[in-house]
A.B. asks: 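Got a structure for you, questions after.
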Amino acid sequence: MSTKSKLVLGLALAGFLGATVPANAHHAFSAEFDAEQPIELKGTVTKLELVNPHSWLYLDVAQPDGSVANWGFEFGAPFSLKEKGVTKATLPVGSQVSIQGYRAKNGKNFGYAVTTVLADGRAVKTGGAQDAPGSQAAAQ
């Protein structure tokens, strides 16, 4: 195989891999969440996804009309959460939590969790965005 053929094959392979690897977009707090809409919700954990770059906690929240709505809250990266003592064992399905954070700009049942109060009463800074309100105080 000639050098030119190897180069063409290498470029084709690089193009194929670049086209097939999923992109994990990373965003600023202000791109997704509204600092003018703070929220505080209590609910029952239904799922915890420890994934990069952001983990997600889902919980069922009782609504004023008696129905239940499932909410998703963005957390920081898994490594950051682990350093703070947050693992799947800390937030098992069925446990009760309280979350203080900010609502998503799209108006759907999503938010950014600044502080999560675990079932054992510990309050943990679970957000990871450096541009989120209160992140400077949380870093100190």
A.B. asks: Considering residues at least two apart in sequence or located in another chain, which fulfil the side chain to side chain contact (heavy atoms under 4.5 Å, CB included) criterion with Lys47?
C.D. replies: Glu49, Tyr58
A.B. asks: Taking the side chain as every heavy atom from C-beta outward, state whether Pro133 and Val114 have any pair of such atoms under 4.5 Å apart.
C.D. replies: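 Side-chain contact under 4.5 Å: no.
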A.B. asks: Side chains of residues 59-72: which donor-acceptor partners sit under 3.5 Å, not counting sequence neighbours?
C.D. replies:
| unit_1 | atom_1 | unit_2 | atom_2 | d |
| --- | --- | --- | --- | --- |
| Asp60 | OD1 | Asn70 | ND2 | 2.8 |
| Gln63 | NE2 | Val61 | O | 3.0 |
| Asp65 | OD1 | Ser67 | N | 2.9 |
| Asp65 | OD1 | Ser67 | OG | 2.6 |
| Asn70 | ND2 | Thr46 | OG1 | 3.1 |
| Asn70 | ND2 | Leu59 | O | 3.4 |

A.B. asks: Tell me whether Thr115 contacts the main-chain N or O of Val124 through its side chain, where contact means a donor paired with an acceptor under 3.5 Å.
C.D. replies: no
A.B. asks: Please table the atom pairs, donor to acceptor, closer than 3.5 Å between any side-chain atom in residues 38-45 and protein atoms at least two apart or in another chain.
C.D. replies:
| unit_1 | atom_1 | unit_2 | atom_2 | d |
| --- | --- | --- | --- | --- |
| Thr44 | OG1 | Gln96 | NE2 | 2.6 |

A.B. asks: Indicate the atoms forming the closest heavy-atom contact of Ala77 with Asn52, along with that distance.
C.D. replies: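 Shortest heavy-atom contact: CB-OD1, 3.6 Å.
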A.B. asks: For Lys84 versus Arg122, what's the shortest heavy-atom pair and its separation?
C.D. replies: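 Minimum heavy-atom separation between Lys84 and Arg122: O-NH1, 4.3 Å.
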A.B. asks: Look up atom OG in Ser80 and atom NZ in Lys125, then write down how far apart they are to the nearest 0.5 Å.
C.D. replies: 12.5 Å
A.B. asks: Can you list, pair by pair, the side-chain donor-acceptor contacts under 3.5 Å of residues 29-36, counting residues two or more places apart and other chains?
C.D. replies:
| unit_1 | atom_1 | unit_2 | atom_2 | d |
| --- | --- | --- | --- | --- |
| Asp34 | OD1 | Glu36 | N | 2.8 |
| Asp34 | OD2 | Gln37 | NE2 | 3.0 |

A.B. asks: State, yes or no, whether a side-chain contact exists between Val97 and Leu57 at a heavy-atom distance under 4.5 Å.
C.D. replies: yes
A.B. asks: Grab the two heavy atoms, one from Ser95 and one from Leu91, that are nearest each other, plus how far apart they are.
C.D. replies: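 Heavy-atom minimum between the residues: OG-C, 3.9 Å.
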A.B. asks: Tracing side-chain links under 4.5 Å among I, L, V, M, F, W and Y, which residues wind up in one group with Val51?
C.D. replies: none
A.B. asks: Using a 4.5 Å cut-off on heavy atoms from C-beta on, say whether the side chain of Trp56 contacts that of Phe110.
C.D. replies: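 Result yes, sub-4.5 Å side-chain heavy-atom pair found.
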A.B. asks: Nearest 0.5 Å please: distance from the CZ atom of Phe73 over to the NE2 atom of His54.
C.D. replies: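 Rounded to the nearest 0.5 Å, the CZ-NE2 separation comes to 15.5 Å.
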A.B. asks: Side-chain contact, heavy-atom cut-off 4.5 Å: Phe75 with Leu50?
C.D. replies: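 The answer is no, as the side chains (C-beta and beyond) never meet within the 4.5 Å cut-off.
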A.B. asks: Can you sort out the partners of Asn106 under side-chain hydrogen bond (donor to acceptor under 3.5 Å, both in side chains), two or more places apart, ordered by chain and number?
C.D. replies: none
